[in-house]
Amino acid sequence: MFDFALALIVVLVALYAPGYLIGRAFPLQRPAALALAPAFGLPVLVALGVVLSEASLSCPAPVLLVLALAVALAVFAAASGIRRQRGRATGAAIAPEPFPRQVPSRFLIGAFALYVAVALVVCAGMFLSAIDGLDSFARKDDTTVHLSIIRAFLDTGTYSTLHSNAFLGQGTEGAYYPSVWHIVAAIAASFIGDGVAPANNAVTLAFIAVVLPLGVCLLLASVFPEKRTVVLAGSLFATTFAIMPWGFLTKGQLLPNLASYALIPGALALFIAAVEAQQGKHRAALGIGAAWALAAIALCQPNGAFTCVIGMAAYALCRIFRAPDDKKASFTPRRIGAAVVFVAALCALWVALFFAPPLRSVVTYGQWDTLLSLPEAVLSGLSFMYVEWGGLQPFLSVVVLFGAIAVFRDRRYLWLVVAYLVTLIIYLGNMATDGFARQLLAGFWYADYYRTGAMNALFAIPLAAFGFAWLVKLLSGLLGRIPALKPREAACTVLAAVVLTAAFAACQTVSYSFKIGERTVAAGLPYQRQQIANLYTWETTYTAEERAFVQQAAALVGDGLVVNVPNDGTAWCYGTDGLDVLFRRTGDNGGNSFPKETNALIRTGLADVASNPEVQQALRQVDARYVILLDDPSGSDPTMDSSRYEAEKWAGIESITPDTPGFTLLLSEGDMRLYEIEAVAAE
């Protein structure tokens with residue numbers, strides 16, 4: 001518990017301390033700078049990691065944090081000096097832009113506290129109480145990558161996203177992978193004895209319970225500055241859509257995408273502030289800040305930037321026809337022409353990027369099956385199930401519907417519906433079409449229905465808050481007709497909010513399931529919580545007993561490379577416990593960068609090492625000296641992951657026994673074995 005708490009504190013410092021100083025260099029008031037701090041600070045960590053790597057310099061992870069703080073402090077000092085100099089020249093101090101407009105800082109700070117408190121309650125129920133210990137992790141193939149990158153950063157002392165794939169230390173230079181998440185986790189892990197798994201969980205909690213809620217709060221305060229009920233209502237919805245953020249933990253895991261989406265609401269708020277700034281110099285400075293935040297989103301996961309731009313474009317499009325303070329929209333020929341040109345330019349840019357060579361591997365990725373018919377996909381999206389194994393959330397359907405109706409009653413907020421509908425169309429195209437149409441619509445998100453569904457849910461959050469606030473107003477009016485409550489308007493509002501909040505909590509937490517045809521429909525959050533519990537457990541695949549054995553093995557072999565069968569749980573043990581295994585992902589090649597022929601020789605012929613010179617040469621090529629086996633596949637209770645597992649492709653490793661020539665048994669417990677390869681050790 002202490003290690004996790006310390007890791008969480010370090011994560012929050014890494015996310016907020018450098019970025020807050022940089023945010024104060026912009027014309028932002030303190031609450032806004034705080035909410036936007038991760039977007040401002042994370043690019044500094046990434047840039048330092050790249051620069052140090054390119055200069056062939058390595059350092060402990062805490063030093064990277066110290067350097068980021070130093071850079072941020074220098075930026076803050078320089079900006080403060082410039083402001084003072086301009087103030088002396090003009091004879092007046094330059095005040096920060098009131099952002100969000102008409103929202104007192106005291107109210108915003110209180111709202112921040114409410115959002116984080118609600119998010120922590122949700123996280124306690126959905127995540128902290130569901131996982132099997134704070135050092136647990138999801139038994140998913142993508143998790144092997146995330147944990148291995150964090151471990152590789154710690155082992156090498158380099159933090160470059162240009163060389164950050166999971167196989168550093170195996171004789172390769174690595175390749176680009178968006179690794180903001182992993183840099184922050186590595187910094188936290190370095191403070192708790194390189195505890196990768198608890199640090200990873202601390203980053204998860206920080207982004208879900210702090211970064212996302214503060215961003216949503218800032219966005220709602222920017223969009224609804226005079227509607228405090230809407231701002232406060234948003235605290236209920238920032239973290240309670242099943243697919244966003246929780247689906248990112250159960251699909252993949254899509255942790256970089258979680259980080260990028262968590263930054264989007266704050267970036268949208270900053271963009272709105274830039275557009276609406278009263279002074280030109282503030283508009284320019286806030287515009288630079290919005291571009292900086294967009295870059296931070298792209299560094300976390302590039303498809304998040306496309307998601308953010310959809311929101312920005314929707315706001316800009318509606319802004320053409322109506323300024324926030326205008327009573328009515330103005331549909332003059334000039335404005336209609338400007339809107340047509342704007343949309344045409346966006347569509348042309350979309351197509352150009354789709355065919356751009358750097359993005360071809362992304363937009364053509366994910367030849368998924370068509371899961372649902374179009375009517376089923378529409379029903380799934382509007383009910384916030386999104387995927388065939390997703391969970392139903394009827395209360396959200398109601399409040400989002402009311403939010404959309406409220407928008408059409410007050411069309412200053414029409415862009416919220418536009419963004420929601422655009423992302424819904426992308427999700428529907430992703431879910432119900434095939435071929436070129438699917439790739440064109442959803443290719444920037446790998447044509448992954450989880451990502452496009454989460455994107456749509458993200459833009460549903462403001463509508464849910466708006467709809468909830470309107471329902472509170474309607475119910476309060478009904479309560480006001482009761483004679484005893486009629487003169488107590490404030491009490492009616494509070495009572496209405498309490499009643500609706502209780503109904504929301506009940507709808508979100510009561511578990512149920514039923515069948516519709518061949519499909520099983522379940523309650524959204526309870527279903528996702530069960531999925532998290534099933535993944536973050538020490539009882540399957542990589543068990544607590546197997547981990548204890550791996551830790552003993554790691555103490556014996558030190559830095560030696562160990563041949564393994566990744567499906568028996570060892571795919572995760574490099575990331576979790578630092579055992580340097582050859583195969584760190586499931587699949588034929590195990591994910592490493594050695595030649596396929598070399599891997600195939602080891603996988604299928606290792607048992608013949610004593611008599612096969614080719615196998616001996618393959619082992620020398622990879623410099624492997626040990627073999628670990630955590631399961632006997634023919635045993636009564638193997639804890640194997642069946643993902644991409646084909647027994648014949650691993651027969652050369654799994655057939656090794658204590659009697660096999662060329663091997664010395666070093667460690668044994670149950671069906672777990674650690675061998676030294678004599679033929680290589682003798683060299």
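Start at 1 with the first residue, then count along the sequence.
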Sub-6.0 Å ring centroid separation between Y365 and Y446: yes
Student check: side-chain heavy atoms of L67 and L52 closer than 4.5 Å: yes
From CA spacing to verdict: side-chain contact (heavy atoms from CB on, under 4.5 Å), T307, W445: CA-CA 9 Å; T307 301; W445 294 268; 2.8 Å; yes
Sole residue of L15, V11, L12 in side chain to side chain contact (heavy atoms under 4.5 Å, CB included) with V211: L15
Side-chain H-bond candidate by donor/acceptor type, E54 with S160, under 3.5 Å: no
CD1 on I208 to OH on Y261, rounded to 0.5 Å: 14.5 Å
Approximate separation, where rounding is to 0.5 Å, of I272 CD1 and Y315 OH: 5.5 Å
Value rounded to 0.5 Å, distance of CD1 in I243 from CE in M455: 10.5 Å
Considering all heavy atoms, the nearest P265-A262 contact: CD-O, 3.6 Å
Pairwise side-chain contact, F153 with H182, heavy-atom cut-off 4.5 Å (strictly under): yes
Cationic N near anionic O, under 4.0 Å, R319 to E276: yes
Distance-minimising heavy-atom pair for G23 and L28: O-CD1, 3.7 Å
Note, T161 side chain near P178 side chain (heavy atom, < 4.5 Å): no
Ring centroid separation F444 to W350 under 6.0 Å: yes
Pair Y450-F248, ring-ring contact (aromatic ring centres under 6.0 Å, His included): steps then yes or no: CA-CA 8 Å; Y450 253 99; F248 285 136; 7.9 Å; no
Between T239 and W246: side-chain donor-acceptor atoms closer than 3.5 Å: no
Passing option when C300 is tested against N257, L255, L263, L258 for side chain to side chain contact (heavy atoms under 4.5 Å, CB included): L263
Side chain to side chain donor-acceptor pair (under 3.5 Å) assessment of T250 paired with Q528: CA-CA 7 Å; T250 57; Q528 288 287 8; 3.0 Å; yes
Heavy-atom check, side chain of Y115 versus side chain of V210, under 4.5 Å: no
Matching residue for Y413 among W470, F408, Y420, F466 - test: ring pair (Phe, Tyr, Trp, His ring centres under 6.0 Å): F466
Distance, nearest 0.5 Å, that separates CG of L34 from CZ of R30: 11.5 Å
Derivation and outcome, side chain to side chain donor-acceptor pair (under 3.5 Å), residues N456 and Y386: CA-CA 9 Å; N456 183 237; Y386 288 110; 2.8 Å; yes
Carboxylate-amine/guanidinium proximity below 4.0 Å for D142 and K251: no
CA sep, side-chain torsions, deciding dist, call: L392, F384, side-chain contact (heavy atoms from CB on, under 4.5 Å): CA-CA 6 Å; L392 187 67; F384 297 101; over 6 Å; no
Point-to-point distance, once rounded to the nearest 0.5 Å, from NE2 of H146 to OG1 of T204: 9.5 Å
CZ (R283) with more than 12 external heavy atoms under 6.0 Å: yes
Side-chain heavy atoms of P256 within contact of V180, under 4.5 Å: no
Closest non-hydrogen atom pair between A17 and L69, with its separation: CB-CD2, 3.5 Å
Result of checking F26, F76, Y16 against F40 for ring pair (Phe, Tyr, Trp, His ring centres under 6.0 Å): F26
Heavy-atom check, side chain of V231 versus side chain of C217, under 4.5 Å: yes
L45 to A14 - nearest heavy-atom pair and separation: CD1-O, 4.3 Å
Student check: side-chain heavy atoms of V378 and L428 closer than 4.5 Å: yes
Separation of F468 CZ from L396 CG (nearest 0.5 Å): 11.0 Å
Side chain proximity check, Y427 to S380, heavy atoms < 4.5 angstrom: yes
